[in-house]
Amino acid sequence: MPVVWIPALLRPLTGGQARVQAAGATVQAVIVSLEAQYPGLQARLITDGQLRPELAVVVDGQTSPLKLRQPLTDASEVHFVIAMSGGAGP
Amino acid sequence: MTTADKPTEFKVLGSTPLRQDGVDKVTGRAQYGADIRLPGMLYGAVLRSPHAHARIKAIDTRAAEAYPGVRAVVTAQDLPELESKVADLGEGSMNLRYQSNNILARDKVLYFGHAVAAVAAVNAHAAEAAAALIQVEYEVLPPVLDVRQAMRPDAPILLAELRTDELGQKGEQPTNVAAHYLDEAGDLEQGFREADVVVEREFTTAMVHQGYIEPQNATALVTADGQVTIWCSTQGAFGVREQTAEILRLPVSKIRVIPMEIGGGFGGKIGVYLEPLAVLLSRKSGHRPVKLTMSRRDVLAATGPTSGSYIKVKMGANRAGQITAAQATLIYEAGAYPGSPVGSAMGVIFAPYRIPNARVEGYDVVVNKPRTAAYRAPGGTNAAFASETVVDELAEKLGLDPLAFRLQNGVQEGDRRVNGVAYKRIGLLEVLRAAQSSAHYQTPLAGPNRGRGVAAGYWGNYGGKSSASASVNADGTVSLQEGSVDIGGSRTALAMQLAETLGLPIEAVRAAVADTDAVGETEGTYGSRTTFATGWAVYEVGQQLKTQLCERAARLWNVAAEQVQYAAGVFTSGEQRLTFAELAAQLDRLGGPVVASAAVQPKTWGPGFAAHIVDVEVDPETGKVQVLRYTAVQDAGKAVYPNYVASQMQGGAAQGIGWALNEEYVYDAQGRLLNANWLDYRMLVTLDLPMLETVIVEVPNPGHPFGVRGVGEVPIVPPAAAVANALYRAVGVRMAELPMAPGRLVAALQARQG
Amino acid sequence: MSAMTHVQTTLNGEAVEFLCEPRQSLLEVLRETLGLTGAKEGCNNGNCGACNVLIDGALVNACLVLAVEVQGRTLTTIEGIAPPGGLHPLQRQFLEHAALQCGFCTPGFIVAAKALLDRTPRPSELEVRQWLAGNLCRCTGYDRIVRAVLAAAEEAQT
Ligand code: FES
Ligand code: FES
C-alpha cells in the first residue's frame, strides 16, 4: 500500500501519526481511503473537487502536475506539501 | 568546471556562441515595451494613494475629464467585481479579487502608492496634469507596518473578511494573519537534549525591491470588434493573457499578448499592474491605443517588493559535529494582500542539512505596504540569512571549519527534508568540496578588520508548462519559435539545445520568442525553468524533426524509415548519404514542409545548491563595508550556455550583496515611503563590487534529457549570510538585521564595546 | 500646452531640426519625437545612466537635459556609435564578454564607456569602475561589463 506522509497541521486528525498507509491506485483514491480511516482529512486536502491550491502533491520525491489523478504503485510515497512559489522545491 | 557522474559529450551545449539578440541589444535597436509607438496612440497616467490605509468615500473625476486632451478616465467602477478565486500564477498563487483591487483600489487603499484611477490623454504631460485633478475623499485609517504589530489582537485590520487559514481550517476572528504553516519531523525536544551546543537567535530583514532597470509598461489596443492586443514588458505573456482575461472577464481568445524585450524582472514582472488599465482606457477612449509607463517612484512604491521578515532560529549540534535539532519561526510581510513567499522560505531554511528533529513554522501576514511579488528565490535570502548565520556560529562553537561542518551535515540523495520529501540526485556535497578547493578559499586572508565568510543556499527550481515549434528551411537552417520571454540569453540557450538535438552547428538554428497567438502555452520565465522546461520542449521538437526527416530520406531512397540513420548532421542508409542541408533542399519534392511542435509539463526538475565565499573589510569608524573578493560556487546541472550561467551567478550574488548591505524600504510612521528613488534606495554600483568569481559544478539532473537544472535563483540565497559571517570574522559582531548598513554596524560595534 | 520651440542640432552626424516644448527633456524628445529609442528611461532623475548620450562629446543623462539646450550642439546616441556596416569595439566586446543579460542598461553603459575611452584610451579597472559608477545594471553584477570595457580599450590599441 502507498505510504502517505501527513502534513504536520493535519496530524491531530491521525492521532499524531506522521505516516500512514492507505490503499489506492491514484492520489484521489488514497485520499478517499484516508478519509475512511481518519474522518475530516479529505476536506483539508481537497476543495471544490481539486487539491487545495496552496498544496502540491509529491509522489516519490517529484511534484506531480497531475495532482489528484497521479497514478500510484504499492511502493509509492505520497507527500502533501506547501506549494512553493517559483519552485522552492517539494 | 567540475563534473560529477558520467560526463556526456556535447558539441553545442557548453560552448559560448554570441547571443542571437545581441547585436540589437548593443546597438539600441531592440524594442522594449516603452519603445512602442502606434498611430493615434494615447498616453496614460495613474493616480495613486498618498495614504497607507484609508477608506475611499468618493472619487470625483469631472475636472480630469474636462481637462484638454483627455480621452478617458477610469476607476475601480470600470472593473468587473470579482469573486474570491485563487489562480495559480507561477511564482505564487493569487486571489483574483485581490489582484483586481490591487490594480485599482475599490473601497479601501491599503498602501502608499495604491492605484486609484487612471487617465488617457494625447500626451503624457496632459495625462499627468489631469490625474492630479481627480478628487478623492479619504477617511484615513491607522496603518500597520510591522508583522509583529499586525499579529496583535488589537491591530488595525486591513481586510475585513480575512481569516487565518491552516490547511483548509479557517480561524474565527478577523485578522491580519492570512495563513499559518507548519512542518515537523522527529522529536524536537529529544534532539535538543542530544545537543552539546545550542544557538538561538532572532533576525529581522527589511522589505527590498527587485530593482529591474526597466519600469513596468503596457500598451493596449481594443478594436471595435472587442479584440484586444497588449504589448508589454512581462516575464510571461501567457500569464498576462490569463490574468487580464480573468480580471476583465474576457474570453482568452479575445486577447493577444505580444511580449516586448524585457529590461529585467527577477519575479517582479509576473503579476499584471498596468495591462488591464491600458485595456480599459483603450476601450473607453474610442479604440485608440493607450500606452502606460510607470515612473521609478511608482515602480518602487507600488510594484514588486519582497517581504521584510522576522525570523527566529534555534539549532543544536553534538560534539561530534552532527546537527541534532533545528527550529525556526518565520513571519513574512505579504504586503497589502495575502501571498508572501513564507512557504518557500520554510522550504529553504534548513534545506542543505540532514536534521533528524525539526520544526518549522510560518506566518503570512498582511501589512500596509505594497503587495509583495516574487523576487528571485522568493523568501530564500531572508531565511538563509538567519539559518546560515546560526550554522556558522555552531561551527565556530564546535571549533570546526565552516565548510567542513556543512559537508559533514550536508544532504545527498535519499536524505529527507523537514517536510519528509527525500532528495533525488543533488550536488550539494560536490559544491561544498569545490568551494573548499577553490582558489579563493585556498588563499589566506590577512589584515585588520578583514574577514571571510561562507554560506550555503538551496533552491528547488521549477518545471511547468512549455511549448515550442520549429520548421526546417530549404537551405538547411531551422527556425525555432518558443514561448519563453528572453531576459538573459535564453533564446540562444534554447537554440543551442535544438542544435545539439539535431546535430547541427548553432549557426543553423535561429530562435524567436513567439506571442500568445503564435506558440503553445508556456509559463513565464521564472522559477529557473526556461532552459530546463522550454529546453525540454525544444528537445522534443528536435526529436520529431529527426523522425520526419528520416521518413523523407527513406522516401527518397525507397527504403523503410527504420533503415535510415541520422547522426552528426548526416542521414545514411547503406551506401546512401545526405547531409541535413542536402535533404532540406529536397523537401518540396518529398512531401512539403517539415514542421514540428511539442508541449511538455515535466515533473523531474532538479534542485540546485550553491556555496558562496566572501572577503570583506570593515571601516570601524564609519561602518562602511568593502567587498574584497567574492566567489560563487553552484551546481547548474549541465551548464548549457556557460557564460550566461556564470552571469546569473554573478548577478544573483550582486543583488544579494546589495540586500545585505544597503537596500531597504524606509517608511514613516504614517506609512509613507520615504525613499522611492534610486538615490535613497541605493543599489550597488561598479565601485561597490570586485570582480565576481564563479565555479560552475555540473552534477547532471537525471530528470532532463541534457541534465539541466535551473540556475537563476540559487545565487541570491547565500550572499546575505555569507556577508554577515564575514563581518563577524572581521570585527566580531553577529549582525541580526538586514541591511547591515553602516549605521547599524557602527551601533553594533559600539554596543559590543560598551 | 505651451508654445513650441524650434531646435537645430547635429544628431549622429546628421543635421536635425525638431519642435519641442520648453519643459520637454532631451530624453523625451529623442524617444518620442525623433524615434530614437535606444536611450532608455530607467529613473528620469539622473540616477541610472540608462539614458546616457553625448553632447559635444560630454557624457550626460538625457533625462536631466532640456531639449531646448541642444540648440547648435552635436549629439551622439547609442544609434550613432557603430561605424557604418559594423560594430564599435565596445559593442563587440560587450557581446564577446556576455556583458548583458536583459540589455536594458547596455546602451547607457556603451555610451558612457565610449566617453571614457575617448579621453582615457587605456583606463585601469579602477578608472573604469569610477567612470561607470553612474550607470546601474541589476542583472550582471558589473564584472563582465568592466571586463568588456577593458577589452575594448585593448582592442582599440591594437
Ligand atoms: S533615466 Fe536618466 S539617469 Fe535614469
Ligand atoms: S543587463 Fe539588465 S540591467 Fe544590465
Side-chain angles (χ1 to χ4, degrees), chain B residues 16 18-19 21-32 34-35 37 68-69 123-126 210-215 261-266 293 295-296 487-489 641 643-644 646-655 657 677-679 683-693, chain C residues 1 21 23-24 28 31-32 35-48 50 77-79 81-82 87-88 90-92 94-108 110 125-126 128-147:
Chain B
T16 55
L18 297 189
R19 60 191 279 176
D21 52 342
V23 169
D24 281 351
K25 285 180 178 163
V26 298
T27 54
R29 214 175 284 283
Q31 290 284 291
Y32 294 77
D35 299 340
R37 200 144 55 113
N123 63 54
H125 301 284
Q210 294 83 349
Y212 36 79
I213 310 296
E214 179 204 31
E261 296 299 339
I262 172 175
F266 312 109
T293 50
S295 66
R296 179 55 46 185
I487 317 184
Y641 197 12
N643 275 348
Y644 286 84
S647 187
Q648 287 290 331
M649 291 161 65
Q650 293 166 325
Q655 281 182 318
I657 298 165
N677 65 73
W678 273 332
L679 202 57
M683 308 202 309
L684 296 187
V685 301
T686 41
L687 273 178
D688 297 315
L689 288 166
M691 293 299 186
L692 301 166
E693 295 161 53
Chain C
M1 258 170 267
E21 293 177 50
R23 67 175 168 185
Q24 285 186 290
E28 182 181 349
R31 292 178 51 81
E32 299 293 337
L36 291 180
T37 55
K40 302 298 180 198
E41 181 184 319
C43 67
N44 212 28
N45 61 3
N47 291 326
C48 75
T77 68
I78 184 67
E79 289 90 347
I81 296 280
L87 292 177
H88 186 277
L90 279 162
Q91 293 171 317
R92 198 159 40 239
F94 266 63
L95 292 179
E96 291 285 350
H97 284 79
L100 52 144
Q101 276 180 34
C102 77
F104 195 78
C105 68
T106 309
I110 287 176
E125 180 190 336
L126 182 63
V128 173
R129 289 190 181 273
Q130 279 169 336
W131 185 268
L132 295 179
N135 292 75
L136 291 176
C137 173
R138 191 58 158 177
C139 298
T140 65
Y142 304 110
D143 176 305
R144 287 160 189 282
I145 292 174
V146 174
R147 287 180 202 276

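Note that the structure is a prediction, hence the values are computed from the model and not measured. In the text below, chain A, chain B and the rest are named by the order of the sequence lines, each starting its count at 1.
- Considering every non-hydrogen atom in both Val146(C) and Met691(B), the closest pair reads CG1-CE, 3.7 Å.
- Residues Lys40(C) and Asp35(B) form a side-chain contact, since some pair of their non-hydrogen atoms from C-beta on lies under 4.5 Å apart.
- For the atom pair Leu687(B) CG and Leu126(C) CG, the distance stands at 6.5 Å (nearest 0.5 Å).
- Interface residue Glu125(C): only side-chain heavy atoms are found under 4.5 Å from chain B.
- Of the listed residues (Gly22(B), Ser295(B), Ala654(B)), the one with the most heavy-atom contacts under 4.5 Å to chain C is Gly22(B).
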CA sep, side-chain torsions, deciding dist, call: Cys102(C), Glu214(B), side chain to side chain contact (heavy atoms under 4.5 Å, CB included): CA-CA 9 Å; Cys102(C) 77; Glu214(B) 179 204 31; over 6 Å; no
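- Partners of Gln24(C) by side-chain contact (heavy atoms from CB on, under 4.5 Å), not counting sequence neighbours, listed by chain and number: His125(B), Cys20(C), Glu21(C), Glu28(C), Val29(C).
- When all heavy atoms of Leu100(C) and Tyr644(B) are compared, the pair lying nearest together is O-CE2, 3.2 Å.
- For chain B, the option among Asn44(C), Leu136(C), Thr106(C) with the highest count of heavy-atom pairs below 4.5 Å is Leu136(C).
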Evaluation steps, side chain to side chain contact (heavy atoms under 4.5 Å, CB included), between Val128(C) and Thr686(B): CA-CA 8 Å; Val128(C) 173; Thr686(B) 41; over 6 Å; no
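- At least one donor-acceptor pair under 3.5 Å links the side chain of Arg37(B) to the backbone N or O of Glu32(C).
- Of all the listed residues (Ile262(B), Asn643(B), Val26(B)), the one sharing the greatest number of non-hydrogen pairs under 4.5 Å with chain C is Val26(B).
- Considering only heavy-atom pairs separated by less than 4.5 Å from chain B, the leading option among Gly38(C), Gly35(C), Cys139(C) is Cys139(C).
- Residue Pro107(C) comes nearest to Lys25(B) through the heavy atom pair CD-O, 4.3 Å, listed as atom of the first residue, atom of the second, then distance.
- Smallest separation of non-hydrogen atoms from Gln101(C) and Gln648(B): OE1-NE2, 3.3 Å.
- Only the side chain of Ile110(C) comes within contact range of chain B, judged by heavy atoms closer than 4.5 Å.
- Among Ala653(B), Gly488(B), Ser647(B), Gly651(B), the residue making the largest number of heavy-atom pairs under 4.5 Å with chain C is Ser647(B).
- Judged by distance alone, with hydrogens and angles left aside, the side-chain atoms of Gln650(B) form no donor-acceptor pair with the main-chain N or O of Gly141(C) at under 3.5 Å.
- Remark: the backbone N or O of Leu689(B) is paired with a side-chain donor or acceptor of Arg129(C) at under 3.5 angstrom.
- Interface summary for chain B: among Ala98(C), Gly103(C), Gly42(C), Ala39(C), the most heavy-atom pairs under 4.5 angstrom belong to Gly42(C).
- Contact count versus chain C (heavy atoms, under 4.5 Å) is highest, among Ala646(B), Ala30(B), Gly263(B), for Gly263(B).
- Partners of Phe104(C) under the ring pair (Phe, Tyr, Trp, His ring centres under 6.0 Å) rule, at least two apart in sequence or in another chain, are Tyr32(B).
- The closest side-chain heavy-atom distance from Asn135(C) to Val685(B) is not below 4.5 Å.
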